[in-house]
K.L.:
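Have a look at the structure that comes next, please.
First listed ligand is number 1; within each ligand, the first listed atom is number 1. Here, residue 1 is the first one in the sequence, and each next residue gets the next number. These values consider heavy atoms only, across backbone and side chains, with no hydrogens, waters or symmetry-generated copies.
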Amino acid sequence: MTFSLTSWTTLDLAAIVICAYFVNVVHDRCKRRGLPYPPGPRGLPFIGNLLDLPSDEGSWIAFTKLGKQYGDIFSLNILGQLIVVVQSSKIAYDLLDKRSNKYSDRTTVPFYELAGWQWHLPTARVGAPWRLARRILDRGMRPSACVNYRPAQIVKVHTFLSHLLQDPENFSDHIAYLQGSLIMALGYGIDVKGTDDENLTRIKSTAHIMESTALPGSVPVNLFPFLRYLPEWLPGMGFKALARRGHDMAEASIIRPWNTFKEAAAQGTSPECIGLYELRERQKSDSSDEEERALIDALGSLFVAGADTTTHSLRAFFLVLARYPAIQDRAQAELESVTGGTRLPTFEDRPNLPYVNALCKEVLRWRMVAPIGVPHASSEDDVYEGYFIPKGSMIIANSAMLQDPVAYPNPEKFDPGRYLTADGKFKDDPLINAAFGFGKRICPGRFIVDSTVFITAAMVMSTFTVGRPKDGACIDENVNTGHVVTQPQPFKCSIAPRSAKAEELIRAAVFQSSSSVHS
Ligand code: HEM
């Protein structure tokens with residue numbers, strides 16, 4: 001007897017779906033041994049809590065509201081996927097950090113599988129390829145390695161200052177270019193020479209497709225994975241061609257810069273970068289084909305994971321300067337007391353700039369770029385505080401913890417004073433790390449972010465004054481309602497050099513940077 005899909009009636013299919021649903025419910029009850037899931041709103045059959053997630057506001061806002069009703073750990077069921085949302089830092093560290101062996105996986109994004117994007121680290125499932133690539137980034141971006149990339153960071157920030165000087169109105173685009181070109185330099189030692197650089201435009205297009213196909217509702221196959229097995233000529237199957245295009249584009253965008261880097265490394269002309277750091281480490285041991293591919297994947301993941309995120313934080317930094325002149329004045333006075341206004345600040349000045357350091361920390365807390373991080377997934381059944389969390393659950397640590405009024409009184413206020421002692425010394429706050437995630441999946445780029453935001457902020461405030469826009473337009477302090485990554489709403493501001501001396505310092509720095517590159 002042969003079966004074909006077309007010989008089945010709608011009733012047959014409905015009966016199978018209903019049976020599967022009830023088998024699942026019974027299986028689930030047995031597994032739970034009477035333990036409840038974390039509390040949450042009652043869902044509807046089949047769709048669960050789909051309607052409890054409003055589409056017109058950021059998911060972190062919806063989660064925060066639900067958290068007020070159901071507590072610091074609650075759960076939702078979306079089309080059969082259990083989502084556990086965690087709102088307190090204690091629970092987040094208990095689960096994602098202390099029990100990281102069980103909570104470091106990711107759920108599959110069906111479109112990514114179809115496009116062959118398993119190399120992309122932030123969404124990669126736990127397994128040997130992720131472990132190898134992750135080790136490379138942890139090694140190549142640890143604080144002692146980051147010191148090697150300071151010259152590249154300084155050159156890129158000098159160029160950024162000169163862009164602000166020439167064309168202050170487009171500061172937001174200059175920030176994006178700063179980050180894009182910096183990541184190409186950090187990863188591959190490639191010196192991008194303008195916004196139309198091929199490596200840059202290619203990886204930007206790849207990042208764009210990846211971002212627009214990551215969420216459950218963005219492409220049909222993410223909600224209904226079985227669609228990938230249906231023929232392409234059926235209506236609604238356009239995602240298959242998109243996946244092929246995405247695959248080819250992504251491969252080109254990670255392989256071409258890799259080849260450029262490898263050639264330079266072989267000729268001994270590659271500047272310091274993460275790729276070179278890793279090759280040096282490998283000379284200490286034998287390296288396999290898998291390890292070479294892991295390095296390609298690791299470097300390829302940097303742009304998509306790190307360019308937009310840091311760009312948005314720096315846009316928030318400009319927003320702060322434009323909105324809060326007293327904060328800018330205080331930071332500028334501190335910088336001037338250290339540099340005398342006769343030179344640009346350096347990394348070595350950092351210990352003497354507690355207020356600037358505190359300002360940078362507060363930017364990361366005040367306008368978190370990734371308010372729900374990247375969801376983790378559990379790889380084993382677990383019980384926490386009497387709640388059952390089955391294998392395959394999605395765990396979301398919501399940013400509400402960095403807006404907690406107990407840890408951060410008046411959390412909406414931008415206040416660098418949170419990180420200063422009574423006598424004005426910088427006081428670190430380990431909780432801020434929550435902005436970079438948890439456990440084994442914590443952002444490996446966090447030390448690069450820390451140094452990039454510091455050196456950019458210090459150089460900008462030394463040489464420019466940022467203020468309200470000349471046309472008197474209002475500056476909206478809110479962020480957009482993107483579901484994963486947020487950024488300030490577009491805003492205008494005035495940016496003027498602080499003095500003729502500041503202009504002179506910028507021109508001299510750019511001249512010196514370009515002559516050292518060409519020498
Ligand atoms: C303000 C800037 C940034 C923020 C707020 C940020 C935040 C995050 C967060 C929340 C995660 C998920 C952590 C988790 O799953 O628990 C993550 C992952 C990641 N980030 Fe960042 N990030 C930033 C910049 C960067 C930069 C500059 C790079 C690289 C140059 C980078 C590379 C990565 C990578 C590769 C992952 C995936 C790690 C994994 O899944 O194992 N990030 N980041």
K.L.:
Please confirm whether Phe303 comes under 4.0 Å of ligand 1, counting heavy atoms of the residue only.
P.N.:
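The answer is no, since Phe303 has no heavy atom less than 4.0 Å from ligand 1.
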
K.L.:
Using a 4.0 Å cut-off to any heavy atom of Ser313, which atoms of ligand 1 qualify?
P.N.:
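Ligand 1 atoms under the 4.0 Å threshold to Ser313: 1 (C).
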
K.L.:
Kindly write out the residues that satisfy salt bridge (Lys or Arg N to Asp or Glu O under 4.0 Å) with Lys102, not counting sequence neighbours, or none if the list is empty.
P.N.:
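Listed in chain order: Asp382.
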
K.L.:
Only heavy atoms of Phe438, strictly under 4.0 Å: list the atoms of ligand 1 that pass.
P.N.:
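Close to Phe438: 16 (O).
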
K.L.:
Would Arg135 and Glu281 pass as an ion pair if we require N to O under 4.0 Å?
P.N.:
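Judged by the 4.0 Å cut-off on N to carboxylate O distance, Arg135 and Glu281 do not form a salt bridge.
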
K.L.:
Geometry only, no angles: is Arg134 polar-contacting ligand 1 at N/O separations under 3.5 Å?
P.N.:
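N/O-N/O distance under 3.5 Å: yes.
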
K.L.:
Counting C-beta onward and ignoring hydrogens, is there a side-chain heavy-atom pair between Tyr37 and Pro390 closer than 4.5 Å?
P.N.:
yes

K.L.:
Closest non-hydrogen protein atom to atom 13 (C) of ligand 1, residue and atom name please, with distance?
P.N.:
Arg441 O, 3.1 Å

K.L.:
Got the closest protein heavy atom to atom 12 (C) of ligand 1, with its distance?
P.N.:
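Looking only at protein heavy atoms, the one closest to atom 12 (C) of ligand 1 is Val374 CG2, 3.5 Å.
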
K.L.:
Taking only heavy atoms of Trp130, which atoms of ligand 1 are found under 4.0 Å from at least one of them?
P.N.:
39 (C), 41 (O)

K.L.:
Is the shortest side-chain N to carboxylate O distance from Asp138 to Arg142 below 4.0 Å?
P.N.:
no

K.L.:
Centre-to-centre under 6.0 Å for Tyr177 and His163, is that the case here?
P.N.:
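Yes, ring centres under 6.0 Å apart.
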
K.L.:
Is Lys440 close to ligand 1, meaning an N/O of one under 3.5 Å from an N/O of the other?
P.N.:
no

K.L.:
Does Phe414 have Arg323 sitting over its ring (NZ/CZ under 6.0 Å from centre, angle to axis within 45°)?
P.N.:
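No cation-pi geometry.
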
K.L.:
At a 4.0 Å threshold, what atoms of ligand 1 neighbour a non-hydrogen atom of Leu302?
P.N.:
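Contacts of ligand 1 toward Leu302, numbered from 1: 29 (C), 30 (C).
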
K.L.:
Between the side chains of Arg280 and Glu272, is the shortest nitrogen-to-carboxylate-oxygen separation below 4.0 Å, so that they form an ion pair?
P.N.:
yes

K.L.:
Please report the number of protein N, O or S atoms that lie less than 2.8 Å from atom 21 (Fe) of ligand 1.
P.N.:
1

K.L.:
Below 6.0 angstrom between ring centroids: does that apply to Trp60 and Phe63?
P.N.:
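No; Phe63 has its ring centre 6.0 Å or more from that of Trp60.
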
K.L.:
Inspect the contact between Asp297 and Arg293 and indicate whether a charged nitrogen and a carboxylate oxygen are less than 4.0 angstrom apart.
P.N.:
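Yes, charged N to carboxylate O under 4.0 Å.
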
K.L.:
Which residue supplies the protein heavy atom nearest to atom 5 (C) of ligand 1, what is that atom called, and how far is it?
P.N.:
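Looking at atom 5 (C) of ligand 1, the protein heavy atom closest to it is Ala435 O, 3.7 Å.
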
K.L.:
Would you find a donor on one side and an acceptor on the other, under 3.5 Å apart, between the side chain of Thr310 and the backbone of Ala307?
P.N.:
no

K.L.:
Could you tell me whether Ser301 and ligand 1 have an N or O pair separated by under 3.5 Å?
P.N.:
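There is no such contact.
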
K.L.:
Is Asp105 paired with Lys440 through a side-chain N to carboxylate O contact shorter than 4.0 Å?
P.N.:
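Looking at Asp105 together with Lys440, the answer is no, because their closest N to O distance does not fall below 4.0 Å.
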
K.L.:
Show the atoms of ligand 1 that are less than 4.0 angstrom away from any heavy atom in Gly373.
P.N.:
10 (C)

K.L.:
Counting only pairs under 3.5 Å, give me each side-chain donor-acceptor contact of residues 72-82, with atom names and distances, residues two or more places apart or in other chains.
P.N.:
from	atom 1	to	atom 2	distance (Å)
Ser75	OG	Pro38	O	2.5
Asn77	OD1	Gly80	N	2.8
Gln81	NE2	Gly392	O	3.0

K.L.:
In ligand 1, which numbered atoms sit nearer than 4.0 Å to a non-hydrogen atom of Leu137?
P.N.:
35 (C)

K.L.:
For Thr456, which residues count as a side-chain contact (heavy atoms from CB on, under 4.5 Å) partner, sequence neighbours excluded?
P.N.:
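For Thr456 the side-chain contact (heavy atoms from CB on, under 4.5 Å) partners, ignoring immediate neighbours, are Val157, Phe160, Leu178, Leu314, Thr452, Val460.
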
K.L.:
Give the residue and atom name of whichever protein heavy atom lies nearest to atom 16 (O) of ligand 1, and the separation in Å to one decimal.
P.N.:
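Result for atom 16 (O) of ligand 1: His376 NE2, 2.7 Å.
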
K.L.:
Is Arg150 close enough and on-axis enough to Phe347, meaning under 6.0 Å and within 45°, for cation-pi?
P.N.:
yes

K.L.:
Quick one: look at His312 and ligand 1, take heavy-atom pairs under 4.0 Å, and tell me if it's side chain, backbone, both or neither.
P.N.:
neither

K.L.:
May I ask whether Met368 has any heavy atom positioned less than 4.0 angstrom from an atom of ligand 1?
P.N.:
no

